[in-house]
Amino acid sequence: LIYTIIQKIIKRFFQKMEIVWQIEKPIKSPSILVANHLGALGPVLIMTNLEIRVYPWIISDMVDPKKQIKYLCKNFIEKDLNLKPPLSIGVAHVITKIINPLFQTIKVIPVYKNSKKIKETLNKTLNLLLNDSYILIFPENPMLKPIDGIEPFMTGFVKLAELYYKKAGKKLPFYPIFVSEKKSKIIIGEAIFYNSEIDYMRQKKEICKFLEDQLRYLYRTLNDDYN
């Protein structure tokens, strides 16, 4: 209930998106929703427009009090808002006062990249999947150059499907979700399912390639430069 109330309040401040279904409704649960990031806007638009309760992965620096301000300044305020220190630092402090209680209510899942604590991320996510939840992930690697508007993926999230199959004996679906601010659309594409009969390393590549290809196709279809 609280999540729904917050969802409706935040939605008032952002554009309304058209949901385009390339599949039959609804999205199966549990499932992994794999989306393009679109900066800070993508996660907000998805969570406020999809009428389902999702649990988003979020970089751990965004919930770490010691790293939060620096991360916000570098990756959002100075990059997207073009503000410089000390103004950017002041704005970051204001933003944290708003988002920290929001994160607690939404129950974001911190992602500890390049750390042994990534096990905490996987275990917390697995428990949610075992309770039929929807997990929202933005796997684009910002360190790599975009190809047709989509940066190549970090692939570790596929491990969730293997862990889930071992626990539940069921194949987990991954749904590609493309967000276009320019077209005011969120497109939900055909899922790819984990297959326990295929070697994990091979399947990890195949699943990520399928999802990347789907998002790039949608980018080419919607982007004005390709029309």
Side-chain angles (χ1 to χ4, degrees), residues 1-8 10-11 14-38 41-58 105-109 111 121-122 124-140 150 153-181 183-196 203-204 206-219 221-222:
L1 179 60
I2 295 176
Y3 178 91
T4 303
I5 293 172
I6 291 175
Q7 186 184 47
K8 289 181 178 179
I10 296 176
K11 192 173 183 177
F14 293 90
Q15 69 197 85
K16 184 177 181 180
M17 306 290 282
E18 176 189 358
I19 308 298
V20 180
W21 295 83
Q22 295 188 334
I23 58 172
E24 291 186 10
K25 300 180 186 179
I27 299 174
K28 296 180 185 298
S29 66
S31 60
I32 306 292
L33 313 181
V34 179
N36 58 313
H37 205 289
L38 201 65
L41 193 58
V44 176
L45 292 177
I46 290 175
M47 294 182 68
T48 54
N49 283 276
L50 284 187
E51 296 181 355
I52 55 175
R53 170 65 156 105
V54 300
Y55 295 86
W57 272 19
I58 185 171
T105 302
I106 293 172
K107 296 182 179 178
V108 299
I109 305 169
V111 179
T121 303
L122 296 174
K124 184 174 183 178
T125 307
L126 178 60
N127 287 333
L128 286 167
L129 290 170
L130 291 170
N131 283 285
D132 285 341
S133 299
Y134 299 99
I135 308 299
L136 179 59
I137 294 178
F138 305 90
E140 288 180 275
I150 303 297
F153 285 180
M154 294 175 279
T155 61
F157 68 95
V158 178
K159 187 69 176 177
L160 290 167
E162 183 185 46
L163 295 173
Y164 179 76
Y165 185 82
K166 288 179 179 178
K167 283 284 187 178
K170 299 177 182 178
K171 299 178 180 179
L172 191 68
F174 295 82
Y175 288 90
I177 296 183
F178 185 81
V179 186
S180 174
E181 178 189 11
K183 301 288 186 179
S184 296
K185 290 183 178 181
I186 295 176
I187 304 178
I188 302 170
E190 193 71 39
I192 182 171
F193 285 76
Y194 173 77
N195 187 342
S196 60
Q203 188 170 192
K204 181 167 70 171
E206 290 180 355
I207 288 175
C208 287
K209 184 179 186 304
F210 174 87
L211 295 168
E212 286 183 27
D213 287 348
Q214 288 293 306
L215 294 181
R216 289 187 178 120
Y217 168 75
L218 294 171
Y219 173 85
T221 301
L222 293 177

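The figures that follow rest on heavy atoms only: side chains count, while hydrogens, waters and symmetry mates do not. The first residue of the sequence shown is numbered 1, and numbering continues consecutively from there.
Side chain of Ser133 to main chain of Leu129: no donor-acceptor pair is present (N/O by atom type, distance under 3.5 Å, no hydrogens or angles). Judged by distance alone, with hydrogens and angles left aside, the side-chain atoms of Tyr194 form no donor-acceptor pair with the main-chain N or O of Ile207 at under 3.5 Å. Gln203 places a side-chain N or O within donor-acceptor distance of the main-chain N or O of Asn195, the cut-off being under 3.5 Å. Under a 3.5 Å cut-off, the side chain of Arg216 and the backbone N or O of Leu211 do not form any donor-acceptor pair.
In this structure, Val34 and Phe157 have side chains that are in contact, with non-hydrogen atoms separated by less than 4.5 Å. Annotation: side chain of Leu136 is not in contact with side chain of Leu50 (no heavy-atom distance under 4.5 Å). Residues Lys107 and Arg53 meet the side-chain proximity criterion, which asks for heavy atoms closer than 4.5 Å. Counting heavy atoms from C-beta on, the side chains of Val179 and Asn49 never come closer than 4.5 Å. The closest side-chain heavy-atom distance from Leu215 to Pro176 is below 4.5 Å. With contacts defined as side-chain heavy-atom distances shorter than 4.5 Å, the pair Pro30/Tyr164 qualifies.
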Working for salt bridge (charged side-chain N to carboxylate O under 4.0 Å, His left out), residues Lys159 and Glu162: CA-CA 5 Å; Lys159 187 69 176 177; Glu162 183 185 46; 2.5 Å; yes

side-chain hydrogen bond (donor to acceptor under 3.5 Å, both in side chains) evaluation trace for Ser196 with Tyr165: CA-CA 8 Å; Ser196 60; Tyr165 185 82; 3.3 Å; yes

Chi angles and distances behind the side chain to side chain contact (heavy atoms under 4.5 Å, CB included) call for Ile109, Ile58: CA-CA 6 Å; Ile109 305 169; Ile58 185 171; 5.9 Å; no

Test log, rule side-chain hydrogen bond (donor to acceptor under 3.5 Å, both in side chains), inputs Thr125 and Trp57: CA-CA 9 Å; Thr125 307; Trp57 272 19; 2.9 Å; yes

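Judged as a side chain to side chain donor-acceptor pair (under 3.5 Å), not a single pair has a partner in residues 21-30 (not counting sequence neighbours).
The environment of Phe210 atom CZ is dense: over 12 non-hydrogen atoms of other residues, nucleotides or ligands sit within 6.0 angstrom. Dense packing is recorded around NZ of Lys124, with more than 12 heavy atoms of other residues, nucleotides or ligands lying under 6.0 Å away.
A search for salt bridge (charged side-chain N to carboxylate O under 4.0 Å, His left out) contacts involving Glu206 returns Arg202, not counting sequence neighbours. With sequence neighbours excluded, no residue forms a ring pair (Phe, Tyr, Trp, His ring centres under 6.0 Å) with Phe178.
In this structure, CD1 on Ile32 lies 13.5 Å from CD1 on Ile192, to the nearest 0.5 angstrom.
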